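These notes concern the structure reproduced below.
The chain is numbered in sequence order, starting from 1. This structure is a prediction, so every number in the text was calculated from the model and none was measured.
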Amino acid sequence: MSENSQTGFGPATGIGSLPGQDAREAVKTVTGTFEDFPFLPELPARGPGADMIGRTAGMLVELYARVEPSGWRLGDRPGRDTRRARAWLREDLDALEEFTQGYEGPLKVQAVGPWTLAAALELRSGEAVLSDAGACRDLAASLAEGLRQHLAEVARRIPGAGIVLQLDEPSLTAVLRGRVRTASGYRTHRAVDRQVVEATLRDVLGVRGGGPAVVHSCAPDVPFALLRRAGAHAVSFDFSLLTERDDEVIGEAVEGGTRLFAGVVPSTDGPLSDPAGSVMGVRTLWRRLGLHPGLLADAVTVTPACGLAGASPEYARRALAHCGRAARSLADNPE
């Protein structure tokens, strides 16, 4: 197993979004829960610009977006929506810096990946960026430069951190299969060539400067092999959506040194099983694949199934803590 791809991660972490609007409270919860793998929380309840698309749109370089009734649309100049997105990100980074004084270890930051962004952002015409290959290239280049600056800012504020970049790509499978609807809703955009998708992801993931990268999707049929080829060291997914037909690609990923961010804790309010029960499916998968149980703790990070923005604050805190306990159960009793 390739060693460098297994380093730089902790045993448990969150996906990104949390309920509520208080950045300091969110960061305090995250850093208190995940002492060895915190993440920069996202709080979409604050409104446009704090949502995943608006937040990442605010990171773009020389491209600007504003809120229209239909969603986020590219415009000519930075307006109120861009300024608000950037102000909230600064507020979040201020809180993170405050609660990570002296921290040394992996730290995860999230942004929307180029293909989900292209499916969600509109051109001036109102059609998705995805409809225009040239616009997709420009968007990916702008995102890459914005992420480079963002990662440099995080590194400046928390110099002891080993920064992990997570790209959120929930629309990736729909992009690959031609299932993203046009503005009218009557048609779908043509599927994007897999090699183009892979090359674009590779370019954007390349900004991390050698640090580890993870791609997250809570949609079914995550393209594990494509993500690995594009340079993802880890893949984050909703474990409940796996089927046995995913066994081969999962086995190849683990054997090749790719870490699995297994989303085993429900992301909306409900009863939580005991920690050992939450990771029972992971152990079962390991046995089915014939993998050595001793590899489990080195190959799996336990997470919620998806972001927790739709959960109650009390459940979100319990779910995050539960991820840590489930990860300990996996390490203590791999079989």
Side-chain angles (χ1 to χ4, degrees), residues 16 39-40 42 44 46 48-68 71-94 96-97 107-125 127-158 161 163-169 171-172 175 192 196-216 230-232:
F39 64 97
L40 177 63
E42 301 162 0
R46 292 181 295 193
D51 60 298
M52 61 187 281
I53 299 300
R55 185 180 183 88
T56 302
M59 295 180 192
L60 297 174
V61 173
E62 294 182 4
L63 283 179
Y64 311 102
R66 63 179 187 272
V67 180
E68 297 286 344
W72 285 89
R73 182 173 296 181
L74 294 176
D76 295 321
R77 60 184 66 84
R80 180 185 59 191
D81 298 323
T82 297
R83 288 193 293 272
R84 185 167 50 200
R86 290 176 177 176
W88 271 325
L89 182 57
R90 277 196 304 276
E91 183 181 306
D92 295 342
L93 288 171
D94 288 344
L96 187 69
E97 185 176 4
L107 168 73
K108 184 166 69 69
V109 297
Q110 307 82 217
V112 177
W115 294 107
T116 295
L117 202 58
L121 278 180
E122 298 174 357
L123 297 165
R124 292 172 183 80
S125 65
E127 203 50 85
V129 170
L130 191 64
S131 65
D132 182 323
C136 286
R137 286 192 294 273
D138 291 345
L139 179 64
S142 173
L143 174 63
E145 183 53 37
L147 285 174
R148 190 177 286 111
Q149 293 179 13
H150 177 53
L151 296 177
E153 172 73 1
V154 177
R156 183 185 67 76
R157 287 171 175 261
I158 307 146
I163 301 170
V164 176
L165 172 63
Q166 175 180 305
L167 291 184
D168 293 321
E169 281 284 15
S171 299
L172 184 60
V175 167
V192 181
V196 173
V197 168
E198 184 183 321
T200 302
L201 280 168
R202 186 180 299 111
D203 288 346
V204 175
L205 288 170
V207 306
R208 69 191 186 281
V214 54
V215 178
H216 166 72

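The shortest side-chain heavy-atom distance between Thr200 and Val192 does not fall under the 4.5 Å cut-off. Val112 has its side chain out of reach of Leu143: every pair of non-hydrogen atoms, C-beta onward, lies at least 4.5 Å apart. Looking only at side-chain heavy atoms (C-beta outward), Val207 and Leu165 come within less than 4.5 Å of each other. With contacts defined as side-chain heavy-atom distances shorter than 4.5 Å, the pair Leu139/Leu63 qualifies. Annotation: side chain of Met59 is in contact with side chain of Leu89 (closest heavy-atom distance under 4.5 Å). Contact of the Leu201 side chain with the Leu172 side chain is registered, since non-hydrogen atoms from C-beta on lie closer than 4.5 Å. Residues Val67 and Trp72 form a side-chain contact, since some pair of their non-hydrogen atoms from C-beta on lies under 4.5 Å apart.
In this structure, CD in Glu153 is found 6.0 Å from CG in Leu93, a value given to the nearest 0.5 Å. If you take CD on Glu198 and CG on Asp203, they are separated by 10.5 Å, rounding to the nearest 0.5 Å. Summarising the geometry, atom CZ belonging to Arg77 is positioned 9.5 Å from atom CZ belonging to Arg66; distances are rounded to the nearest 0.5 Å. Rounding to the nearest 0.5 angstrom, the gap separating the CG atom in Leu40 from the NE2 atom in His150 is 6.0 Å. In this structure, CD on Glu122 lies 9.0 Å from CG on Leu74, to the nearest 0.5 angstrom. To the nearest 0.5 Å, atoms CG (Leu107) and CZ (Phe39) are separated by 10.5 Å.
Closest non-hydrogen pair, Arg208 versus Leu151, comes out as CA-CD1, 3.8 Å. Of all heavy-atom pairs spanning Val215 and Ala232, the tightest one is CG2-CB, 3.9 Å. Taking all atoms of both residues into account, the shortest heavy-atom contact from Gly54 to Ala85 is O-CB, 3.6 Å. Listed here is the closest heavy atom pair of Ala155 and Ile163: N-CD1, 3.5 Å. Taking every heavy atom of both residues into account, Val197 and Val175 meet most closely at CG2-CG1, 4.5 Å. Minimum interatomic distance between Asp132 and Leu123 (heavy atoms only, all atoms of both residues): CB-CD1, 4.0 Å.
When atom types are taken as modelled, the side chain of Glu169 and the backbone of Trp115 share a donor-acceptor pair closer than 3.5 angstrom. A donor-acceptor contact shorter than 3.5 Å is absent between the side chain of Ser171 and the backbone of Ala119. Counting only distance, with no hydrogens or angles, the side chain of Asp138 and the backbone of Cys136 share no donor-acceptor pair below 3.5 Å. Side chain of Glu42 to backbone of Ala50: no donor-acceptor contact under 3.5 angstrom is found. Here the side chain of Arg86 pairs a donor or acceptor atom with the backbone of Gly58 at under 3.5 angstrom.
Remark: Arg80 CZ is loosely packed, at most 12 non-hydrogen atoms of other residues, nucleotides or ligands lying under 6.0 Å away. The number of heavy-atom neighbours closer than 6.0 Å to CZ of Arg84, taken from other residues, nucleotides and ligands shown, is above 12.
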Audit row: Leu60, Leu121, side chain to side chain contact (heavy atoms under 4.5 Å, CB included) steps and yes/no: CA-CA 12 Å; Leu60 297 174; Leu121 278 180; 4.2 Å; yes
Side chain to side chain contact (heavy atoms under 4.5 Å, CB included) between Gln110 and Thr56, intermediate numbers included: CA-CA 9 Å; Gln110 307 82 217; Thr56 302; over 6 Å; no
Stepwise side chain to side chain contact (heavy atoms under 4.5 Å, CB included) test for Met52 and Asp168: CA-CA 9 Å; Met52 61 187 281; Asp168 293 321; 4.0 Å; yes
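Ion pairing of Arg46 with Asp92 is present here, as a side-chain N (NZ or NE/NH1/NH2) and a carboxylate O approach within less than 4.0 Å.
With 3.5 Å as the limit, one finds a donor-acceptor pair spanning the side chains of Glu145 and Gln149.
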